[in-house]
Amino acid sequence: MEPGTSTPTPTLANPSSSASAGACAAGHAEVTVAPGGAPGQRLCVRPGTVVSLILEPRSDDKRWVAVHSSAPVLVVTSGWRVEGDGSARAALRCAGTRGGTAEVTALAKAPDVAGAARVAFTLEVSVVPHTTER
């Protein structure tokens, strides 16, 4: 991957369309966020998928401090850790049967500045169940 890029694999522009649903990740997916990359991405996954979120060290004075899910019933964040080099990792565990969309936000903050951490990256995760024939 080129330096300064942010590329989750696979991504979809419109994860809710039926034609796109066949391209959703299943089982495991990895999203890497690099300095200077896009502040947001979309990712389509099948139920039960585990997404590894890798946040590379920031190029500014801010540090990664946390990740949050807007809908823990769909996407649960776990395994959060910050490495000594400033990178951070989290596992995003997607619902086993339910479909829907959740925003996972990664927060960053300058360590010596008072105040709350701010959203530095947003991953929109769409959990798309397998369709059944009737």
Side-chain angles (χ1 to χ4, degrees):
M1 180 170 20
E2 293 295 316
T5 62
S6 171
T7 309
T9 304
T11 59
L12 298 170
N14 184 3
S16 63
S17 72
S18 59
S20 298
C24 293
H28 184 267
E30 186 172 284
V31 177
T32 300
V33 179
Q41 296 285 340
R42 290 182 179 180
L43 179 64
C44 177
V45 298
R46 294 295 185 185
T49 300
V50 176
V51 179
S52 296
L53 179 61
I54 302 165
L55 304 164
E56 293 184 352
R58 295 181 54 89
S59 57
D60 56 14
D61 64 338
K62 296 179 181 176
R63 303 292 177 257
W64 299 111
V65 295
V67 291
H68 297 288
S69 173
S70 66
V73 72
L74 290 173
V75 179
V76 174
T77 62
S78 65
W80 171 253
R81 69 180 191 267
V82 178
E83 307 292 342
D85 66 355
S87 64
R89 294 177 176 264
L92 311 176
R93 301 182 186 283
C94 301
T97 58
R98 183 173 283 192
T101 301
E103 280 191 353
V104 175
T105 53
L107 307 174
K109 179 183 181 303
D112 56 349
V113 177
R118 298 195 186 266
V119 174
F121 178 77
T122 302
L123 180 64
E124 183 182 312
V125 181
S126 295
V127 181
V128 180
H130 294 281
T131 58
T132 56
E133 298 292 323
R134 294 208 182 237

State plainly whether one hydrophobic cluster holds both Trp80 and Val104, where clusters connect Ile, Leu, Val, Met, Phe, Trp and Tyr through side-chain heavy atoms under 4.5 angstrom apart. yes
Less than 4.5 Å apart, any side-chain heavy atom of His68 and any of Thr77? no
To check you understand the geometry: which heavy-atom pair defines the closest contact between Lys62 and Ala108, and what is its length? CB-CB, 4.1 Å
Let me check something: do Val82 and Val113 share a hydrophobic cluster, defined by ILVMFWY side-chain heavy atoms less than 4.5 Å apart, either directly or through other members? no
Which atoms form the tightest heavy-atom contact between Ala71 and Thr101, and what is the distance? CB-O, 4.4 Å
Nearest heavy-atom approach of Ala38 to Gln41 is CB-NE2, 3.5 Å
Closest non-hydrogen atoms of Val127 and Arg98, given as atom of the first, atom of the second and distance, are CG1-O, 3.3 Å
Give the C-alpha distance, both sets of side-chain angles, the deciding distance and a yes or no for side-chain contact (heavy atoms from CB on, under 4.5 Å) between Val33 and Leu53. CA-CA 8 Å; Val33 179; Leu53 179 61; 4.2 Å; yes
Heavy-atom pair with the smallest gap, counting every atom of Ala29 and Ala25: CB-CB, 3.9 Å
Determine, using the 4.5 Å side-chain heavy-atom cutoff (strictly less than), whether Val73 and Leu43 are members of one ILVMFWY cluster. yes
Gap separating the OG1 atom of Thr105 from the CZ atom of Arg118, nearest 0.5 angstrom: 13.5 Å
N/O donor-acceptor pair under 3.5 Å between Trp64 side chain and Arg81 backbone: no
Please step through side-chain contact (heavy atoms from CB on, under 4.5 Å) for the pair Cys94 and Val75, ending with a clear verdict. CA-CA 4 Å; Cys94 301; Val75 179; 4.2 Å; yes
Minimum heavy-atom separation for Ser59 to Pro35, with atom names? OG-CB, 3.9 Å
Can you tell me if Arg46 uses its side chain to pair, donor with acceptor, with the backbone of Pro129 under 3.5 Å? yes
Ser52 and His28: side chain donor to acceptor below 3.5 Å: yes
Applying the side chain to side chain contact (heavy atoms under 4.5 Å, CB included) criterion to Leu92, which one of Val76, Thr49, Leu123 satisfies it? Leu123
Is a donor on one side and an acceptor on the other found under 3.5 Å between the side chain of Arg42 and the backbone of Val125? no
Does the pair Arg58/Asp60 count as a salt bridge with the N-to-O cut at 4.0 Å? yes
